[in-house]
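Take a look at the structure set out below.
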Amino acid sequence: MASGLHLFGVLPLDSNRLRVNLFKPGAKSCRMNLYRDGRKIRSFGIPSRINDGMDDVFSACLEGENLISRLNGLSYDFTADGETFVENTAEAITGRDTFGKSGRIRGRFNLSTFDWSGEKRKTIDPADMVLYQMHVRGFTRHHSSGVRNPGTFDGVREKLPYLKKLGVNALMMLPIYDFDETALRPGVDGKKRVNYWGYTGTAFYYAPKASYSSDPLHPGDEFKALVKEIHRQGMNIFLDMFFINQTREFILNCMRYYVVNYHIDGFRLTGEGLSITTLREDPILSHVRFFGNSWEDRPEEREKPMLFEMNDAFQEVARRYVKSDEGQVESFYRGFRTERNGIVKVNYVTGHNGFTLRDLISYDGKHNEANGERNNDGTDYNYSWNCGAEGVTRRKPVLRLRKKQEKNILAMLLLGLPVPMLLAGDEFGNSQKGNNNAYCQDNTITWLDWGLLEKNRDTFDYVRELLELRRSLPIYRREELFVGFDRKGLGAPDISSHGREPWNSSFPFYSRQLGILFYGPYLDNKQGTSYYFAFNMHWESHDFYLPSITKERKWEVVLDTAGEERKTEGLNAERTAFRMEPRSVILLSCPPDTPVKKRRKKPNDSATGGKHKRVSKTASGGK
């Protein structure tokens with residue numbers, strides 16, 4: 001049933017009445033045409049409101065017993081001065097039921113109700129949020145996905161237990177509304193291409209895409225069922241909306257429509273922008289989240305953040321740092337710890353536009369030949385490194401290095417202070433065969449190959465363990481932002497940067513080493529445990545001398561990406577230094593000096609004394 005949030009279009013009033021309002025500039029007459037199974041069954045005129053001084057607004061009220069139920073399932077369009085069209089607020093579309101094929105476009109009456117009972121919707125705290133960017137079709141279209149309806153909303157719904165097990169709790173979906181994927185011209189090779197991502201202004205924004213539904217007659221209901229299950233699983237859903245050449249009022253009404261009708265938790269705006277004041281004062285949109293590339297500072301929103309800022313700079317600096325470029329340490333440190341009053345920062349290393357994580361460590365250059373543009377499309381600045389061989393290889397030293405680089409990148413992303421965003425499939429080594437601009441590929445290049453999940457189960461487990469570690473550490477849950485100095489006189493700054501020598505972070509251009517100390521007394525935990533990250537992105541091993549913050553210096557290894565490749569014990573006998581293997585990341589913890597009162601141990605007490613769970617041997621090197 002239509003929400004009534006917009007003034008124009010097809011608007012049910014009750015079970016017996018339907019209001020039709022159209023705005024068609026310059027038109028002298030207008031008719032509405034009804035179809036059943038593609039055949040016209042009726043046509044009638046829609047009068048102009050010329051007597052109200054609006055000669056280009058056409059309006060009529062249709063009445064009849066059980067009119068709404070009799071119209072449900074029929075399709076329609078309008079004719080004005082010989083032009084046939086569908087209004088841009090149509091809530092269901094027919095003619096693009098099969099992805100990549102387009103027929104006669106008509107609106108469709110979808111006037112059924114939906115049962116939202118048992119939804120249990122909640123708003124996820126940014127401190128707990130882990131984003132997962134996905135393409136609805138590509139997520140399950142591959143035959144290996146094992147779902148009943150591949151490439152659909154229903155297919156995503158079937159995979160929600162997998163996502164929950166992985167540890168993500170917020171889905172960022174590329175356009176799900178009815179866009180025209182057939183509008184691309186053939187490539188220079190003459191082959192047909194499709195707009196796979198959906199970033200085009202040729203779209204019906206109010207209508208969920210019929211070709212993303214296992215039942216093209218009711219895509220809206222299937223999408224609602226997906227949203228309902230997402231919320232039942234304790235997750236959130238955000239939509240990427242590419243508004244272009246649309247009025248401000250259209251954009252606002254469209255987003256209100258999705259919030260009210262589809263219970264959407266927020267939007268990423270990649271086209272037209274809106275002011276913060278407009279969003280904050282809107283009675284509907286002020287209750288959801290918005291993702292953008294930049295927002296002005298709003299300190300008063302710390303208690304109820306609604307603005308999320310995509311930290312684009314982190315993508316470049318993390319890629320450059322992990323492949324050992326010079327001059328990246330200071331920028332990486334700032335990206336890893338970045339926070340803003342009233343704004344939630346979001347870090348990512350990969351996204352739909354660019355290399356996947358596996359390709360980032362497997363290719364030096366792009367391989368976009370399949371796009372039909374002679375490999376001239378897509379960025380040349382990927383800041384990638386193939387680790388010694390281009391593309392697929394069996395060379396064991398290259399594969400070992402790639403595995404460690406993959407771990408390093410995931411640790412940099414998932415353990416930084418900002419909200420992390422994973423690209424779908426990165427958790428099990430998905431590849432696009434070196435294509436960094438797969439906007440026109442609807443095939444195995446962009447479809448996730450779920451067979452890789454078993455092949456790369458260790459990567460999946462590593463991501464899951466990192467996210468468990470993130471949830472267990474007090475670093476990410478604090479009442480105050482880190483400021484970088486000892487504002488309370490507790491003995492050390494709340495957060496501080498270090499080189500190989502403690503308290504020395506001059507960030508020389510040639511350096512590739514970084515230490516980051518989170519001082520325990522400033523963390524919101526009763527234990528007062530401190531945490532020390534160390535990054536060695538040099539191709540040689542180095543000793544990191546640890547900051548002296550306690551008398552006993554009981555540093556313990558929580559995470560070590562060198563794993564089984566570690567050649568030394570790591571911590572020395574006095575626990576004042578740590579030998580960092582080449583290109584590796586560690587996380588150490590250090591409890592305070594204050595002794596904890598011992599209690600009698602029960603037979604079933606954990607041997608770890610209730611401390612946070614460590615990452616498995618795969619990630620910690622057996623420490």
Exercise for review: Walk me through it: do F509 and S511 pass the test side-chain contact (heavy atoms from CB on, under 4.5 Å)?
Suggested key: CA-CA 6 Å; F509 187 77; S511 175; over 6 Å; no
**Study point:** Sidechain N-carboxylate O distance under 4.0 Å for R121, D265
**Key:** yes
Exercise for review: Answer yes or no: is there a donor N or O on one side and an acceptor on the other, between the side chain of D380 and the main chain of K366, under 3.5 Å?
Suggested key: no
Review point. Can you list every ring-ring contact (aromatic ring centres under 6.0 Å, His included) pair that touches residues 388-420, not counting sequence neighbours?
Key: none
Revision key, fill the gap. By salt bridge (Lys or Arg N to Asp or Glu O under 4.0 Å), E390 pairs with (sequence neighbours left out) none
Review point. Is the gap between the ring centers of F544 and Y532 under 6.0 Å?
Key: no
Study note, to complete from the structure: Hits for salt bridge (Lys or Arg N to Asp or Glu O under 4.0 Å) against R395, two or more places apart or cross-chain, chain-then-number order -> none
Check your understanding: Would you say D449's side chain and L453's backbone share a donor-acceptor pair under 3.5 angstrom?
Key -> no
**Study point:** R402 bridged to E406 by N-O distance under 4.0 Å
**Key:** no
**Study point:** Worked verdict on S496 versus H498 for side-chain hydrogen bond (donor to acceptor under 3.5 Å, both in side chains)
**Key:** CA-CA 7 Å; S496 53; H498 306 258; 2.9 Å; yes
Review point. Which residues pass the salt bridge (Lys or Arg N to Asp or Glu O under 4.0 Å) test with K404, sequence neighbours left out?
Key: E565
Revision key, fill the gap. ring-ring contact (aromatic ring centres under 6.0 Å, His included) filter on F460, not counting sequence neighbours, yields Y162
Practice item. Considering only NZ, NE, NH1 and NH2 on the basic side and carboxylate oxygens on the acidic side, decide whether D494 and R487 come within less than 4.0 Å. Key: yes
Practice item. Report the relative orientation of the aromatic rings in Y321 and F332; use parallel for angles under 30°, tilted for 30 to 60°, perpendicular for over 60°. Key: tilted
Practice item. Spell out, as yes or no, whether a donor-acceptor pair under 3.5 Å connects the side chain of S589 to the backbone of Y531. Key: no
**Study point:** Those residues that, when tested against R457, pass side chain to side chain donor-acceptor pair (under 3.5 Å) (two or more places apart)
**Key:** E454
Practice item. Please check if any side-chain donor atom of D359 sits under 3.5 Å from a side-chain acceptor atom of N436, or the reverse. Key: no
Point to revise | Partner set under side-chain contact (heavy atoms from CB on, under 4.5 Å) for S505, not counting sequence neighbours | key: S497, F507
Check your understanding: Parallel, tilted or perpendicular for H142 and W447, by the 30°/60° rule?
Key -> perpendicular
Check your understanding: salt bridge (Lys or Arg N to Asp or Glu O under 4.0 Å) with D240: which residues, sequence neighbours excluded?
Key -> none
Study note, to complete from the structure: D486 meets the side chain to side chain donor-acceptor pair (under 3.5 Å) criterion, sequence neighbours left out, with Y522
Review point. Are the aromatic ring centres of H135 and F139 under 6.0 angstrom apart?
Key: no
Revision key, fill the gap. Contacts of H231 meeting ring-ring contact (aromatic ring centres under 6.0 Å, His included) (sequence neighbours excluded), chain-then-number -> none
Check your understanding: Parallel, tilted or perpendicular: which describes the rings of F308 and F238, with under 30° parallel and over 60° perpendicular?
Key -> tilted
Point to revise | Set of side chain to side chain donor-acceptor pair (under 3.5 Å) partners for R337, sequence neighbours left out | key: Y333
Point to revise | Contacts of Q432 that satisfy side chain to side chain donor-acceptor pair (under 3.5 Å) - sequence neighbours left out | key: none
